[in-house]
Amino acid sequence: MPITAAPNEKGWLIETPGSLYAIGLDATGLPAQRYWGPSLPSDDWGQLLRGDTSPWRSDTSRPEEVQQEVLADGGVRWGVPGLQVVFPGGNQSLELRFVDARIDNEAAGQSTLVLSLADSLFAFSVHLHYRVRADSDVIERWMELESGEDAEGDVVLLRGDSANWFIDEADDYWYSSVNGHWGGETQLERGPLPVGDLTFSSRTGTTSHAANPWIMVHPQHATEEAGVIRTVSLGWSGSWHLTAQRRPEGGVSVTTGFGHEGVRLVLESGRRHVTPPSYGLATDGGFGETSRKWHAFAVRHLRPAVDELRPVLYNSWEATEFDVSEAQQMRLADKAAAIGAELFVLDDGWFGARTDDRRGLGDWHPNPDRFPNGLQPLADHVRGLGMGFGLWVEPEMVNPDSDLYRAHPDWVLHFEGRTRHEARNQLVLNFARDDVKQWALAWLDDLVSTYRLDFIKWDMNRSFTQAGWPENARDHGSLWLGHTRAVYDIMATLRERHPFLRIESCSGGGGRVDFGMMQVIDQFWTSDNTDALDRQTIQHGFSQLYPAITMCNWVTDSPNPITARVVPLQYRFHVAMAGALAIGGDLDSWSDAELDEAAEQVALYKEIREVIQLGALHRLGGRPGAGLTAVQYVRENSVVVLSYEPRRSLERGARRTVLRRLDPAAFYVDQRTGRRFSGAYLMQRGLVLHDELNTHPGNGSLRFSNRDYLSALTRLTRS
Ligand code: GLA
């Protein structure tokens, strides 16, 4: 049984294949965490639930409070609260007591524990949920808040976090997280976890470029291969916060939830609020093992199309930007098909008066000057070439210069009498309004049906500001929740109605990448920055939690349109192959030799994509984009290694990359050279990348040996 109750019902144990989570009732009678870490023998479980006897402490601090499963604001506490409410009449002090527990081990492959608590004075209950799957160490938690039928008025929710995760005392805690900006998302950062409160958050109404809702807490010297790593993440695509509180007396807790400061929800009597899920994972095999476990969980349990591989898509945005026409798109489609693309995506500029970013957003019908016969001829042409057809949309936005805005100026987020500030010349539609949501669903449904769209790239280019909802002034805050939920709902409904439809989540690049969005989409647009060198660090950060199959990477032109960096085509391909390979260059400007090379690379990728998209990832050392690095993927008997050396050092001799987690006793054959290596050799001695780099087809011969931007793709098959 994955979830068990202690004999006296005063404790619960959640067992996953490689970890254990123990909850007991503390001295105040509330559920508190007793252990979260690698598996322990059941002989020790009784020990865990008894807890430690706290030594005498002064009345000035309460370090044990952060161990509680819900950090309810009330009673004696001074830590960061996870649940804060205002009851009718203004009472702001929660006093929860434990009511009962329910364990459901019945559901196919998953088990759930529900701990119910109730306030001692008001009709208000809190249900803590824990769900585990038989094949994963990830624990999914969320909270359900219930204002009773007999509550005398509204309960205002100031903060309702999804979960609090406690991490036991240790001297050398460090943290890992990612941060970034437009064109430079998911930059991995590691550092000492300071004593105090470390908060990451988004106030943009999206997951954001600046931060991503997860943190890892680990020993300073944890590596890709070793160390106990605990990760906490949040499955939410709107504003969020995550606070790691490291107590001066020891112990760390991570509390995370939707919304940010000042976003409050009104809970009418008889209503429930279910928080987004927070996911926690404790592993004992370093960052590599942690990432592989997150990837496996995401692929098996979060992504909607579990067993499907991503096609190679071509997107014409960088080729044409807003200047699109039927003939030019057909020409690009011909070239894309010739190099092996399987899906053709027409980006911005096809609709309304959208000839630049100042107008037309919101008017979702083909521009008659550009597509006089609608999009059907292009769709037919693309399909005739054997490719799927996809379109770019940005449903949540409107340009003030649009028919939609002229007809419905009240549909945007705004406060009466206040300026409606624009960003990228656009305003945000309030998807929390049911009429707006139904309008979006209707035109999207119609668009997908009309062209039988295989794919939409759903973009979201503008953060929320002045987020008011005058018709619902009593509960403005609910738009932060309602908007994101409406986006999820529309995507899920479209998928249900059109089972062939696949969706890409884009938000000015990677501004909406998270485990919430992952449940309704197939891939993320990782970054608008397609420069291969910059992409290496972006992809490295992305890969910490999110699987390669969801990471869309385009090969684009050189010099790169954003950074002007000149990078050889093969290197650009090898970087983009580390996820869902796509092409985004101006194929009209590529030479025949480049198009031929592209066709070869695309064909090669199709042979290895299953290993990359669904295999186990091993990051093989080094600083991505700075020196020699490699990524290895293993799936059944196939191994693929992508190696990169952006800058050569003349004085360094042959450099080796040792592979990971192969069978030492098995033999592996290099598919290109026919050379045979034992797993032990590959893991101890490694591949000599100089040999590989100097003789690899696209690299020519030794005369390139001192060139920058060398890269190689090695395929090994277990014999
Ligand atoms: C955003 C996206 C780009 C492109 C443009 C179109 O910037 O991230 O990929 O779709 O919008 O306007």
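Counting starts at 1 for both ligands and their atoms, in listed order. None of these values were measured; they are calculated from a predicted model.
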Ring center gap for F431 and W411 short of 6.0 angstrom: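 For F431 and W411, the ring centres are not under 6.0 Å apart.
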For a side chain to side chain donor-acceptor pair (under 3.5 Å) with S237, tell me which candidate from D514, T207, T484 qualifies.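 Testing S237 for a side chain to side chain donor-acceptor pair (under 3.5 Å) against D514, T207, T484 leaves exactly one candidate, D514.
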For [atom], grab the closest protein heavy atom and report residue, atom and distance to one decimal in Å.
| atom | value |
| --- | --- |
| atom 7 (O) of ligand 1 | D528 OD2, 3.1 Å |
| atom 2 (C) of ligand 1 | D459 OD2, 3.1 Å |
| atom 10 (O) of ligand 1 | D347 OD1, 2.6 Å |

Considering all heavy atoms, the nearest R485-P276 contact: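 It is NH2-N, 4.0 Å.
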Atoms in ligand 1 flagged as close to [X], the criterion being non-hydrogen separation under 4.0 Å:
| X | answer |
| --- | --- |
| C506 | 2 (C), 8 (O) |
| W525 | 8 (O), 9 (O) |
| G509 | 8 (O) |
| D348 | 6 (C), 12 (O) |
| G508 | 8 (O) |

Please classify the D357 to ligand 1 contact at 4.0 Å (heavy-atom distances, strictly less than): side chain, backbone, both or neither.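 It is neither part, as no heavy atom is under 4.0 Å.
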Looking at Y405, does the NZ or CZ of R420 lie under 6.0 angstrom from its six-membered ring centre and within 45 degrees of the ring axis? no
Can R535 be said to sit on top of W525's aromatic six-ring, NZ or CZ under 6.0 Å from centre and within 45° of the ring axis?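 Relative to the ring axis of W525, which defines the angle, R535 lies inside both limits.
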My understanding is that only one of M517, R512, E504 makes a side chain to side chain contact (heavy atoms under 4.5 Å, CB included) with F524; could you say which? M517
Identify, with sequence neighbours excluded, every residue that meets ring pair (Phe, Tyr, Trp, His ring centres under 6.0 Å) alongside F542.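 Counting only residues at least two positions away or on another chain, F542 forms a ring pair (Phe, Tyr, Trp, His ring centres under 6.0 Å) with Y546.
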Would you please say whether a donor-acceptor pair under 3.5 Å links the side chains of W590 and D557?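 Yes, because at least one side-chain N or O of W590 sits under 3.5 Å from a partner of the opposite role on D557.
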Could you tell me if any non-hydrogen atom of R424 lies under 4.0 Å from any atom of ligand 1? yes
Can you find a non-hydrogen atom of K457 under 4.0 Å from ligand 1? yes
R354 to ligand 1: N or O pair under 3.5 Å?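 In this structure, R354 places no N or O atom under 3.5 Å from an N or O of ligand 1.
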